[in-house]
Amino acid sequence: MNIVILCYHRIGGSGIVAYEIGRAMAEEKGHTVHFVGLEPPFRLKNNESEAMRFHKVYVREYPVFDFQPYSLALASQLSTLIRRYDIDVIHSHYALPHAVSALLARDISGRKVKCVTTLHGTDITIVGAHPTMTDITRYAIEKSDAVSAVSNHLKLESETKLGITPGKIKTIYNFANPEFFNPELKSAACKKGGKTIMLHLSNLRAVKRPLDVIKIFHGIEKALDKPAELRIVGEGPLQYEMMDLAKELGIADKVKFLGVRSDIGCLIASSHLMLLPSQQESFGLAALESMVCGVPVAASRVGGLPEVIEDGKSGILFTVGDTGEAAQKAGKVLKDRALYDSIVEEGIRAGQEKFSMGKIIDQYEKLYE
Ligand code: GMT
């Protein structure tokens, strides 16, 4: 098949999942894949080939526009690519604007290309749920030939919030590429030191509740009998408030802000616990990446996270916003070696079986067919 993949190129779950699907379709399944957007997915940069290439969308800047019309430039250039490369499938990641541009490009091209859309979370729960965008999001989903959501929770949310025809959306879970995330990373290069290391990985926006990360770490480290450190990976609007809170709580020297990093697997593997106290999370790719590296996750019981983590078995779940509960449960696990080890083992097992990359790529290929 000749496949186009549309995604947000920035480092984020949906871009990673989109890139890995494209890579597997090209390298493992023998299809030809065209990524189309403003910038290539970051993992593609050193990996272009005949079977997998990037096409840049050029947006004409003109002073008459208050905002440059990216969605239209994308649709227009996509219609050319459909004809030039005889495209069979356009796979849009994140409903807006990709799925709408894909539908428009199909109409312009006059070809029978199939439109597949994957819903990732905030495209429904925040962007699509806003009254200004509900109708167009519903339209994009209903008109797509096939639609997937990354958890049962997101599928249900989409059906109820947008009134989507039941049965239209199929759940296909996120997965983590074992080349970058695996239990072996813990050896040699990514060894843990003497301190108890906790890690948070996100874009530090309100939806991730990053201030709770500081509070939970504070609660845990008070109860531990050895030194602890919190590492924050990523950048975002709440990072200065996080720094202020750490200072106020007297733990500024124990909280390290590492910024945007590309060695995520190693950073995870050299930690003892991942903290993910999100307000909303349709799946929580960072949780899965952590589990398959053998690092337990303490996450809020929201969205699709209970489909990823079984509380007390493959990780820790707590009520969103209840930093006391989170610290108490996480502290207990960190102090009980046998419980910690069983959670590590079960996390790796669940991650590798329920969310196996091979099985999930097969599901996407079936959806295309
Ligand atoms: O958090 C976002 O808004 C970004 C979005 C993305 O584009 O990466 O994340 C969503 O998609 C990921 C990949 O499917 C999911 O693992 C995340 O849980 C989801 N984020 C939210 O639902 C908040």
Side-chain angles (χ1 to χ4, degrees), residues 5-22 35 37-39 41-43 91-99 116-130 133 137 147-158 161 169-177 180-181 200-210 212-213 233-238 260 264 268 274-292 297 299-309 315 317 320 351 354-355 357 360-361 363-364 367:
I5 294 195
L6 305 179
C7 64
Y8 284 110
H9 55 84
R10 288 170 222 106
I11 300 179
S14 62
I16 290 169
V17 168
Y19 167 72
E20 289 296 344
I21 293 169
F35 291 95
L38 286 171
E39 269 182 47
F42 72 98
R43 282 186 193 162
H91 190 176
S92 302
H93 291 263
Y94 212 84
L96 295 185
H98 298 141
V116 175
T117 299
T118 291
L119 310 175
H120 281 274
T122 49
D123 46 355
I124 301 301
T125 55
I126 296 181
V127 180
H130 193 270
M133 291 295 173
T137 308
V147 184
S148 69
V150 298
S151 62
N152 290 324
H153 181 270
L154 182 60
K155 169 183 151 70
L156 211 69
E157 279 270 294
S158 312
K161 280 209 163 108
I169 305 171
K170 182 180 161 50
T171 299
I172 304 184
Y173 286 129
N174 281 178
F175 58 91
N177 184 342
F180 302 113
F181 302 96
H200 174 71
L201 167 65
S202 82
N203 42 29
L204 311 184
R205 286 175 301 145
V207 73
K208 303 289 177 182
R209 295 187 72 95
D212 284 5
V213 174
V233 177
E235 281 173 356
L238 289 174
V260 173
I264 303 296
I268 292 174
M274 166 77 86
L275 301 176
L276 193 63
S278 304
Q279 182 72 34
Q280 263 178 40
E281 206 64 69
S282 65
F283 182 92
L285 183 59
L288 176 62
E289 291 172 342
S290 192
M291 282 161 66
V292 294
V297 184
S300 44
R301 195 182 289 100
V302 289
L305 279 165
E307 293 171 61
V308 184
I309 297 167
L317 292 176
V320 63
K354 189 170 173 188
F355 308 106
M357 180 162 97
I360 286 164
I361 295 298
Q363 291 175 33
Y364 277 113
L367 199 69

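Just so you know, ligand 1 is whichever comes first in the structure, and atom 1 is the first atom listed for that ligand. The analysis underlying the following values was restricted to heavy atoms, covering all of them including side chains, and did not include hydrogens, waters or symmetry mates. Computed from a predicted structure; not experimentally measured.
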* Structure fact -> heavy-atom search around atom 17 (C) of ligand 1 in the protein gives Glu281 OE2, 3.3 Å

* Determine whether the side chain, the backbone, both or neither of Leu154 has a heavy atom under 4.0 Å from any heavy atom of ligand 1. => neither

* Does any donor atom in the side chain of Thr118 or His91 lie under 3.5 Å from an acceptor atom in the other side chain? -> yes

* Relative to the heavy atoms of Gly12, which atoms of ligand 1 are at a distance of less than 4.0 Å? -> 8 (O)

* Less than 4.0 Å between a side-chain N and a carboxylate O, is that true for Glu20 and Arg43? -> yes

* To do: Take Phe175 and Tyr364, measure what ring pair (Phe, Tyr, Trp, His ring centres under 6.0 Å) needs, and give me the verdict at the end.
  => CA-CA 12 Å; Phe175 58 91; Tyr364 277 113; 7.1 Å; no

* When only distance counts, is Val150 in polar contact with ligand 1, meaning an N/O pair under 3.5 Å? -> no

* To do: Would you indicate which of Gln279, His93, Arg205, His120 comes nearest to atom 2 (C) of ligand 1 when only heavy atoms are counted?
  => Arg205

* Asked: Within a strict 4.5 Å, meaning less than it, do heavy atoms of the His153 and Ser282 side chains meet?
  -> no

* Asked: Does any N or O in the side chain of Lys155 come within less than 3.5 Å of the main-chain N or O of Ala149, such that one atom is a donor and the other an acceptor?
  -> no

* Asked: Is there a side-chain contact between Glu281 and Ser151, using heavy atoms and a 4.5 Å cut-off?
  -> no

* Asked: Could an N or O of ligand 1 be found under 3.5 Å from any N or O of Gln280, whether backbone or side chain?
  -> no

* **N or O contact, Gly13 vs ligand 1, cut-off under 3.5 Å** => yes

* Report yes if some N/O of Leu285 lies less than 3.5 Å from some N/O of ligand 1; otherwise report no. => yes

* Asked: Which ligand 1 atoms, with their elements, are less than 4.0 angstrom from a heavy-atom of Phe283?
  -> 16 (O), 18 (O)

* Geometric N/O contact Gly284 with ligand 1, under 3.5 angstrom -> yes

* Specify the protein heavy atom at minimum distance from atom 16 (O) of ligand 1: its residue, its atom name, and the distance to 0.1 Å. => Asn174 OD1, 2.9 Å

* Are the side chains of Ile361 and Ile21 in touch, meaning some heavy atoms are under 4.5 Å apart? -> yes

* **Distance flag for atom 14 (O) of ligand 1, protein heavy atom under 4.0 Å** => yes

* Residue among Val320, Leu276, Val297 satisfying side-chain contact (heavy atoms from CB on, under 4.5 Å) with Leu305 -> Leu276

* Asked: Any nitrogen or oxygen of Ser14, main chain or side chain, under 3.5 Å from a nitrogen or oxygen of ligand 1?
  -> yes

* Could you tell me whether a side-chain N or O of Asp123 sits under 3.5 Å from a main-chain N or O of Gly121, the two making a donor and an acceptor? => yes

* Asked: Going through the checks in order, is the ring pair (Phe, Tyr, Trp, His ring centres under 6.0 Å) test met by His98 and Tyr8?
  -> CA-CA 9 Å; His98 298 141; Tyr8 284 110; 4.6 Å; yes

* Counting each atom of ligand 1 from 1 as listed, which ones have a heavy atom of Thr122 under 4.0 Å away? -> 2 (C), 3 (O), 23 (C)

* Asked: In the protein, which heavy atom is nearest to atom 22 (O) of ligand 1, and how far is it?
  -> Ser282 N, 2.8 Å

